[in-house]
**Q** 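For reference, the structure I am asking about is given below.
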Amino acid sequence: MKTSWRSASLAATAVSVMALTAACGSENVTTPSSAAQNVGATAAAGGYGSIGATASASTGAGNGYGADGQQAAAAEPAGQLTVANNPDLGKVLSDGAGLTLYRFDTDTANPPKSNCDGDCATAWPPVPANDATAGAGIDKSLLGEVTRTDGTKQLTIGGWPAYRYAKDVNAGDVNGQGVGGKWYALAPDGKKATLASLPGLSVKKDAKLGDIVVDKNGHTVYRFLKDKAWPKSVSNCVGACAEKWPAVGIVSANDTKGVEKKGLMGFTRSDGAKQMTVDCWPIYTFSGDTAAGQTNGQGVGGTWYAVSPEGKAVGAPAA
């Protein structure tokens, strides 16, 4: 009897899954495309800034707005808005000085309304609307304004109130991207700036670390040296550790690019959650990485290291 191409394909897939399962232990779970999802960093109360202690002194919990110790300054005019090309975020909206503009998920665009006042507005200064003009690549019809609670006029893009971030000091800085899981750089059309083409897991060339794995948001993926990969995957990062180092959720093997397929699968953690592995090693993101491309978790505690496409801990001391 002839074997159909469909039967042959299913048989080959079954053999592949069995081989991977045997490599990491019989309790590992497969990675269906319907379950493809990365677990992002958790946010502090209020959602304005980073959480917990991190490897960077600039990302402490402090007042929870992400720019502790900053003093309110006179609002700088927006000037002529421009479009910058960011390697991790694509097209990003900037003011006349080249500083990145942001939007806040707690705000609304229809109707436009700002929900960032007080300490929040110190960390995230509202952009004045009075002199803003549209530069090349920006539809001027998307520029508008909203009246804030203090009576001032704030610039809106596609209805979304626009802000700067107090920790962005140089043109092109995007230190506010993803802060608290609610702040995002603005695209020229008012949407969140993002490279939508990024797969669930892919490879990025870091200037210091070389090729490392990143998640669908461009955030660095890490390994914990106290975990186990053999004979089965085991995560030893639970409780408070898991809050600081969120587990990367299940990603379909078809939703990856440049990552070694052997040992690329999921398993069930001791807390019942599903976690992804590379070369059978559990992988995580770091809550201290508030923007794509950051590697603030590298070397933390001498136990956390970025992951190579083959699943190795980049820069870790030899065993």
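For clarity, every value in this text was computed on a predicted model and none was experimentally measured.
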**Q** List the steps, then state whether ring-ring contact (aromatic ring centres under 6.0 Å, His included) holds for Trp304 with Phe286.
**A** CA-CA 10 Å; Trp304 290 93; Phe286 180 42; 8.0 Å; no

**Q** Does a sphere of radius 6.0 Å around NZ in Lys192 hold more than 12 heavy atoms from other residues, nucleotides or ligands, not counting ones at 6.0 Å or beyond?
**A** yes

**Q** For Thr149 and Asp117, does a side-chain donor sit closer than 3.5 Å to a side-chain acceptor?
**A** yes

**Q** Where is the tightest heavy-atom contact between Val203 and Gly258, given as atom of each residue plus distance?
**A** CG2-O, 3.4 Å

**Q** Within the 3.5 Å criterion, strictly below it, is a donor on Asp215 or Tyr284 matched to an acceptor on the partner's side chain?
**A** no

**Q** Using side-chain contact (heavy atoms from CB on, under 4.5 Å), reason through Val221 and Leu201 one step at a time and then give a plain yes or no.
**A** CA-CA 9 Å; Val221 168; Leu201 291 174; 4.1 Å; yes

**Q** Would Lys208 and Asp206 pass as an ion pair if we require N to O under 4.0 Å?
**A** no

**Q** Can you see whether Thr256 engages Lys261 through a side-chain donor-acceptor pair at a distance of less than 3.5 angstrom?
**A** yes

**Q** If you measure from the Lys or Arg side-chain nitrogens to the Asp or Glu carboxylate oxygens, is any gap between Asp95 and Arg164 under 4.0 Å?
**A** yes

**Q** Give the cluster check for Val213 versus Val251: same hydrophobic cluster or not, with ILVMFWY residues linked at side-chain heavy-atom distances below 4.5 Å.
**A** yes

**Q** Mind checking whether Tyr165 and Trp183 have ring centres under 6.0 Å apart?
**A** no

**Q** Quick check: closest heavy atoms across Thr220 and Ala306, and the distance to 0.1 Å?
**A** CG2-CB, 4.0 Å

**Q** Determine whether Arg223 and Leu225 satisfy the following criterion, side-chain contact (heavy atoms from CB on, under 4.5 Å), listing intermediate values before the conclusion.
**A** CA-CA 6 Å; Arg223 257 185 57 183; Leu225 296 189; 4.2 Å; yes

**Q** Do you know which two heavy atoms are closest between Ala78 and Ala132, and how far apart they sit?
**A** CB-CB, 3.8 Å

**Q** Looking at every heavy atom in both Pro161 and Lys113, which two are closest together, and how far apart are they?
**A** CG-O, 3.7 Å

**Q** Can you establish whether the number of heavy atoms outside Asn110 located under 6.0 Å from its atom CG is more than 12?
**A** no

**Q** What I want to find out is whether Lys262 reaches Asp279 closely enough, with some N-O distance under 4.0 Å, to be called a salt bridge.
**A** no

**Q** If you apply the rule side-chain contact (heavy atoms from CB on, under 4.5 Å), what do you find for Asp168 with Val174, and how did you get there?
**A** CA-CA 7 Å; Asp168 284 350; Val174 287; 5.5 Å; no

**Q** As a quick check of understanding, evaluate side-chain contact (heavy atoms from CB on, under 4.5 Å) for Leu101 and Leu81, giving each step before the final call.
**A** CA-CA 9 Å; Leu101 302 187; Leu81 305 183; 4.0 Å; yes

**Q** May I have the step-by-step check of ring-ring contact (aromatic ring centres under 6.0 Å, His included) for Tyr222 and Trp245, ending in yes or no?
**A** CA-CA 9 Å; Tyr222 298 90; Trp245 300 88; 5.5 Å; yes

**Q** Answer yes if the side chains of Lys153 and Thr147 hold a donor-acceptor pair under 3.5 Å, and no otherwise.
**A** yes

**Q** Could you report the tightest heavy-atom contact between Arg148 and Cys116, atom names first, then the distance?
**A** NH2-O, 2.7 Å

**Q** Verify the cluster assignment for Leu143 and Leu93: are they in a single hydrophobic cluster under the rule of side-chain heavy atoms below 4.5 Å apart?
**A** yes

**Q** To check you understand the geometry: which heavy-atom pair defines the closest contact between Pro317 and Tyr305, and what is its length?
**A** CD-OH, 3.4 Å

